[in-house]
Amino acid sequence: MLHLKDLSFRYKIPLRATLLVLATALIITGAILAREYDQLRRDLFQNAESMGRVLAKTLVTPILHDDVWRAYEIINTPFHSGAAQPLSAFGAELVLVLDPERRIYVSTRPADYPMLDSLPQVDPDYGPLDALIHSNVKEAPQTVELPGSAYFHLIAPIAHDGVLLGTLLMEYPKSVFMPRFLSIVYRAGFVTLLVLAVLLPVSWYWGRRMADPLVQLADCMSMVGTRLPELEECRLYESKDEVGRAGTQLKRMISELHEKQALERGMLANERLAAIGRITAGIAHEINNPLGGMLNAISTLRRHGQPDGIAGRTVSLLERGLMQIKETVAALLVEARVEGHALTSQDLEDIHTLIMANVHRKHLRLMWDNRMSDSVPLPSTQVRQVLLNLLLNAVNAAADGGVVQVMLYIEDDALYLDVENDGAHIGPERMAHLFEPFADPSEQGHGLGLWVTYQLVQQMHGRIEVESQPGRTRFNITLPYGAAT
Amino acid sequence: MFPALRHLSRRVVLCLLLFAGTAAMASQQPSETPLRIGLTPVFLDDQAAFLNRWRDYLQDALGRPVSFVQRSSYREIIDLLHDEKLDVAWLCGYPYVRERSRMQLLAVPKYRGKPLYRSYLIVPASDTRTRSLADLKGGIFAYSDPNSNSGYLYTQYSLRRMGQDADTYFRRSFFTWSHRKVVEAVANRLAQGGAVDGYVWDTLARLHPGLVAKTRIVEESQTFGFPPFVARASLDRMSFDAMQRVLTEMDRTPAGAALLDTLNLDGFVVGEPALFDDIERMVRAMTGP
């Protein structure tokens, strides 16, 4: 069940505007009706009393002459001839003349109010009115409103020379006000509808204007629960009002959360890679010691044992296997063994030359931009190794006829190596374990290339950043030198 | 040239004579006293436009001015006739028979071929019970005029014949001073019964069928002499004869016939006083011991 408070502001605001308009219309119409009622009542009473005075005076002669027909004609004057329709909206429905004994002398509706009947005989409801006329005969006409009666009554004495000849009674239905009331209500309703017709679209528009930023904010915030949305996913309203400030705050929160998440991921990866490094180093040491012994033994056997036939082939087989183990272990455990000369621009150009064969084979376009001019105090062997690894990976990853971009430059006492290709991008799953050894065994290698690169960069206190999105994968390596080293 | 001149002069003389003749007539006419005709509601006298047309017709036919005089009751017209303030009056047969010595019968309208009419006893159409005057005892009754035969005398006489006291028979009775208003009083149920001139009721049925439909005829009286035109006894012979001729010849002129059609009458005849003997008998019965 949908509760009103659960409605979106998009509907709440126009609804509230409608309610406001309706309430205003009701209150104003009510006030007008109350005023109109008083006015109409006063007019009716004044009209009735002056009419009563005139009729009472005119009736004196016919009653003195006992001319019933004349009296009947006189009290019928306010009515259309024949029909019992009052002339005006203020007209009485019934005019009666009572004799001094309060019997009907003549009435405008003789069929219902026959001559000589008393009022309570016609209708017992007239009892109180009859008693009032009996007890309360005044000189002037008076209007009475009996409790519970649907009529106003005008009572006017018909007197001549101080003698009471009879009483004039005029009956006005309270419903005479209804047509006037209804016309006011109809008009008020019509105006209200007009106002609503104008106001509803406007308030609808305002509602949307007000609600949309809130809805965007709410949508964006609700995304945060399950995952951290990218800032681009949240269309947020820009302003300095409350909603705008909340939006700005939310953006800041999201971007901070993003940074925190990236930091946590980096730390996690670093820790893992460090642990892997420690394990591989330990294992390598454990393997290297017996390996060295075994290789020494084989060397000794070759030199002094003169192995022949099968023995000789077996020894070579052993030797090749042990050498492969040694290479693998060496690759796992990168040690800064060689202290090469300081890195020059030419060292990097050599790599350019070296890779060209692979580039041509895949019909790639290599955009080489080497902006390094002076030599920098970085170990040339290791840097060359890193660049070569990255380039080989990039060339492998790039599609046939694709593009590989390389940019080498120096900035703030650091060497930057930027390698970019347009091949298939690295998915988030692979990205989490990108630098781990054997993480991605492909047909071209054992998956140690990036692990080696990572270790080399670590040893040079550098940093690796990877960015991968469809059509663009970019490795960026920062190698600081000077004070940082 | 002379004969031509003589011829011309004779024609001029003739024209002059003619002119003098008309001038004499024109100057004589306004100076002549108008014929004053009193009208009572024995017919539908509340049609001012019709009365103007009828007056013009009578003026043309009589060659002298005519004025109509209307009053609110028969009595006033009778009094005016006695005082010689009226020359002719259209009255009811009842005052005529009472005052026969002071009036001369001038003409009697012919209605449905005869100079006769009836009195109707009517009740509201909603009253389907009443069969006769006897059923209206203790009710409220409308008379037209105390000097009307059909609207008063006949009912009084009927009650007397029934052995009833006319003063106490009805709980209340009143006069409307016109037959038409008796029909209105009964139609609006102000009265439970009423006595009305049958000719007026029939004519109203033609002009205002809606009003008449609200009433129902309970009894029709025997026929009586139709309310006659009478002249004061002292009216000069010439005026009397002229007026009698104009009335009796009305149905012979197209204009007169049209007026008669509006009146719902066939014409006027020189009536016999004996036409009103039945009314006279009733008057004697009422006034006698």
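All heavy atoms count here, side chains included; hydrogens, waters and symmetry mates do not. Just so it is clear: chains get the letters A, B, ... in the order the sequence lines come, proteins before strands, and each one is counted from 1.
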**Q** Where on A/Asp67 is there a heavy atom nearer than 4.5 Å to chain B: the side chain, the backbone, both, or neither?
**A**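 Looking at A/Asp67, just its side chain touches chain B.
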**Q** Closest heavy-atom contact between B/Arg189 and A/Pro110?
**A**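 So the two residues come closest at O-CB, 3.4 Å.
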**Q** Is the CZ atom of B/Arg161 crowded by more than 12 outside heavy atoms at less than 6.0 Å?
**A**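 Atom CZ in B/Arg161 is not packed in, count stays at 12 or less.
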**Q** For A/Tyr37, look at atom OH and say whether over 12 heavy atoms of other residues, nucleotides or ligands are found less than 6.0 Å away.
**A**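 Result for OH/A/Tyr37: enclosed.
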**Q** From B/Leu190 CG over to A/Trp69 CH2, what is the distance, rounded to the nearest 0.5 angstrom?
**A**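 Rounded to the nearest 0.5 Å, the CG-CH2 separation comes out at 6.5 Å.
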**Q** So what's closer than 4.5 Å to chain A heavy atoms on B/Glu184: side chain, backbone, both or neither?
**A**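 Its backbone and side chain both get close to chain A.
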**Q** Take a 6.0 Å sphere around NZ of A/Lys174 and say whether it holds more than 12 heavy atoms from other residues, nucleotides or ligands.
**A**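 Atom NZ in A/Lys174 is packed in, count exceeds 12.
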**Q** When rounded to the nearest 0.5 angstrom, what distance separates CG in A/Leu116 from CZ in B/Arg172?
**A**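 The distance works out to 6.0 Å.
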**Q** Using a 6.0 Å cut-off, check whether atom NZ of B/Lys137 has over 12 heavy atoms from anything other than its own residue.
**A**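 Yes, the 6.0 Å shell around NZ holds more than 12 heavy atoms from other groups.
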**Q** Atom CZ in A/Arg70, atom NZ in B/Lys181: separation rounded to 0.5 Å?
**A**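 So the CZ of A/Arg70 and the NZ of B/Lys181 are separated by 7.5 Å.
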